Amino acid sequence: MRELRLTNTLSRTKELFVPVSEGRVGMYVCGPTVYGDAHLGHARPGVTYDVLFKLLTHLGYKVRYVRNITDVGHLEHDADEGEDKIAKKARLEQLEPMEVVQAYTLRYHEAMRMLNVAPPSIEPRASGHIIEQIEAIKKILDAGMAYESNGSIYFDVAKYNEKYHYGILSGRTLEDTLEGTRSLDGQSDKRAPYDFALWKKAEPQHIMRWPSPWGDGFPGWHLECSVMGEKYLGREFDIHGGGMDLMFPHHECEIAQNQASRGTRGVRYWVHNNMITIDGKKMGKSLGNFITLFDLYRKYSPMTIRFFILQAHYRGTLDFSDDALAAARKGLKRVLQAAKDLYAIAGVKAPEYSYGALPATVAPESCTAESKEVRTVWENVYDALCDDLNTPVALAAISEAVRLINSYKEGSVKLTKADIDTLVQLFNDVVFGVLGLCDEESSQGGQSKVVEGLMQMVLEQRAAAKAAKDWAVSDHIRDSLKALGIVVKDTKDGAEWTME
RNA sequence: GGUGCGUUGGCCGAGUGGUUAGGCGCAGGUCUGCAAAACCUGUUACAGCGGUUCGAUUCCUCUACGCACCUCCA
């Protein structure tokens, strides 16, 4: 099996990936809080961890990928004082909170499906794990690292920090976390500002409530991920992913909860994707500068957005702009056209697009191509992907493959059957598999028979006009089709057409 | 104020102590009735000042600017 390196936020270095149990990977990723439509920012972790999931699978690991849905406990403004995001949306729309949850969960699934993000192996909901969360709180209380205050339970960070390091992930000390924090307003039930809620007492008007040993209430936001991670992946699992903005306090709290409740940090490799920015500023709910995926899909296809995300490394910020998206659209088109040509040259069928499909489970150990250039491309692609998921470098190598295919097509490069076979495999396994690109046009069930027949007829007429050197007619046909969004290209083997 | 990150050519965006990232755009060429596509060529950059080095965009100091987290945010 190929070696994979991942940047572990804990060490801030690239580490060789070694799973807890050989051949298997447990991966947990923080999913969305479903109180609104997913925006472009949500596409980043969606695509990033989809690629990681698919790469691990392709390398031969059996992967269990857990991505949660947060449907309770995520409060506004302040982790422990604001209104529950779901409850607020429900109040505003006069809906039962679970109606909000259901509606936006389905819409999230649709937004991800369009990006060809495969569904996770398990998608647990916070509200479905109240019992487990209560049990975890009991353990933390037993360990003496939490306290009850006015019907709520808080994590005792200072107590925890005596024995462990609170701030190990985000690289700060307990003192650091005090800097710049708001002063206690005296109303808080917390002993210290950095303490966080494990369980919150529900006020009488609060709809989302569950019974507990401490009275009716609801779980704190950070707890769900600790609990569901353990339930489905075990006391200690391999990879935990999420956005960099979740590093502190969310993931820091998770580590503390894990340590206090089960005696281990719980996670070996912490992986964090960076943010998408607009004009250099983070796209997010608070700034209100986000654009929802469904809105974006009206202008740019989901695959364009996927390609755009893949063109940057996941650890860096990625700036959104019309120019950048337009460039991604053209770059993607070039790759997909080459893919079509490649499959035609090889005389094999292009892989059928199917949502949730994973790449071949075992990556080829060595390259069987004969051409040095093809071998280099092949090596570069796998080296890049296994070097901390370097998709931009992998795409650069793919771009070289595209050049080879095009050059072969026009006869300026020679490739053997072994070379072609290697390229086909590379496109199957990596371009369409791991990177998860797909040809949206041809995946829409292809063109109808009627359109195919009509186009054939029209192009025959045009060919006849061309043969008679009647350029007026042939250009008129081409221009008319162009106006309809159909682009005709003359090649030495006759005319080709594509729908824009 | 604390912590951390960044500053690359017209745009997006990789990477490296000395050799082409890649995409998009632009210019020229080949091909073509024309166009499109494709191919070839060109467009050669690494914020500033010092330092280390035979040599730094790449390591170190400082400066400027920007960003993120420290409230919820993927």
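Order of the sequence lines sets the chain letters (A, B, ...), proteins ahead of strands, with each chain counted from 1. Everything quoted here is computed from the prediction, not taken from an experiment.
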- Task: Pick base, sugar-phosphate or nothing for A/Val29, based on heavy-atom distances below 4.0 Å to the nucleic acid.
- Result: nothing
- Message: Of the options B/C73, B/C39, B/C12, whose atoms approach the side-chain atoms of A/Ser412 most closely?
- Response: B/C39
- Query: Reckon A/Lys281 has a side-chain N or O less than 4.0 Å from the OP1 or OP2 of B/A68?
  - Reply: no
- Item | Gap between atoms CD1 and P, on A/Ile477 and B/A35 respectively (whole Å) | 19 Å
- Message: Looking only at the side chain of A/Ser474 (C-beta and beyond, no hydrogens), which of the listed nucleotides B/G33, B/A14, B/A74 gets closest?
- Response: B/G33
- Please work out which of the three classes, parallel, tilted or perpendicular, describes the rings of A/Tyr297 and A/Phe294, given edges at 30° and 60°. perpendicular
- Message: Is A/Asn390 close enough to B/A14 that one of its side-chain N or O atoms is under 4.0 Å from OP1 or OP2 there?
- Response: no
- Message: Looking at A/Arg403 and A/Glu400, is any side-chain nitrogen of the basic one under 4.0 Å from a carboxylate oxygen of the acidic one?
- Response: yes
- Query: Touch check for A/Ala324, heavy atoms < 4.0 angstrom, all strands: base, sugar-phosphate only, or nothing?
  - Reply: sugar-phosphate
- Message: Could you tell me if A/Arg67 sits above the aromatic ring of A/Tyr28, with its cationic atom closer than 6.0 Å to the ring centre and no more than 45 degrees from the axis?
- Response: no
- Task: Check the angle between the aromatic planes of A/Phe218 and A/His206 and answer parallel, tilted or perpendicular using the 30° and 60° thresholds.
- Result: parallel
- Message: Please determine whether a side-chain nitrogen of the Lys or Arg among A/Asp490 and A/Arg462 lies less than 4.0 Å from a carboxylate oxygen of the Asp or Glu.
- Response: yes
- Is the distance from OP1 or OP2 of B/A37 to the nearest side-chain N or O of A/Lys333 less than 4.0 Å? no
- Task: Tell me what A/Lys466 touches on the nucleic acid: a base, only sugar-phosphate, or nothing, going by heavy atoms under 4.0 Å.
- Result: base
- Message: Given B/C69, B/A74, B/A21, identify the nucleotide with an atom nearest to the side chain of A/Ile276.
- Response: B/A74
- Do A/Arg478 side-chain and B/A35 base share a donor-acceptor contact under 3.5 Å? yes
- Task: Remember a base hit wins even if backbone is also touched, and classify A/Asn406 as base, sugar-phosphate or nothing at under 4.0 Å, heavy atoms.
- Result: sugar-phosphate
- Any A/Arg334 side-chain N or O less than 4.0 Å from OP1/OP2 of B/C39: yes
- Want to settle it: does A/Leu287 or A/Asn273 sit nearer the 5' end of RNA chain B, counting the closest nucleotide to each? A/Leu287
- Message: Check the phosphate of B/C67 against A/Thr317, side-chain N and O only, distance under 4.0 Å to OP1 or OP2. Yes or no?
- Response: no
- Compare the minimum distances between each of B/U3, B/A74, B/C12 and the side chain of A/Met283, then state the nucleotide with the smallest one. B/A74
- Message: Does a side-chain N or O of A/Lys330 approach OP1 or OP2 of B/G25 to a distance below 4.0 Å, or not?
- Response: yes
- Message: On the nucleotide B/C5, are OP1 or OP2 found under 4.0 Å from the side-chain N or O atoms that A/Arg12 carries?
- Response: no
- Message: Using only modelled atom types and a 3.5 angstrom limit, is any donor from either the side chain of A/Asn274 or the base of B/C5 paired with an acceptor on the other?
- Response: no
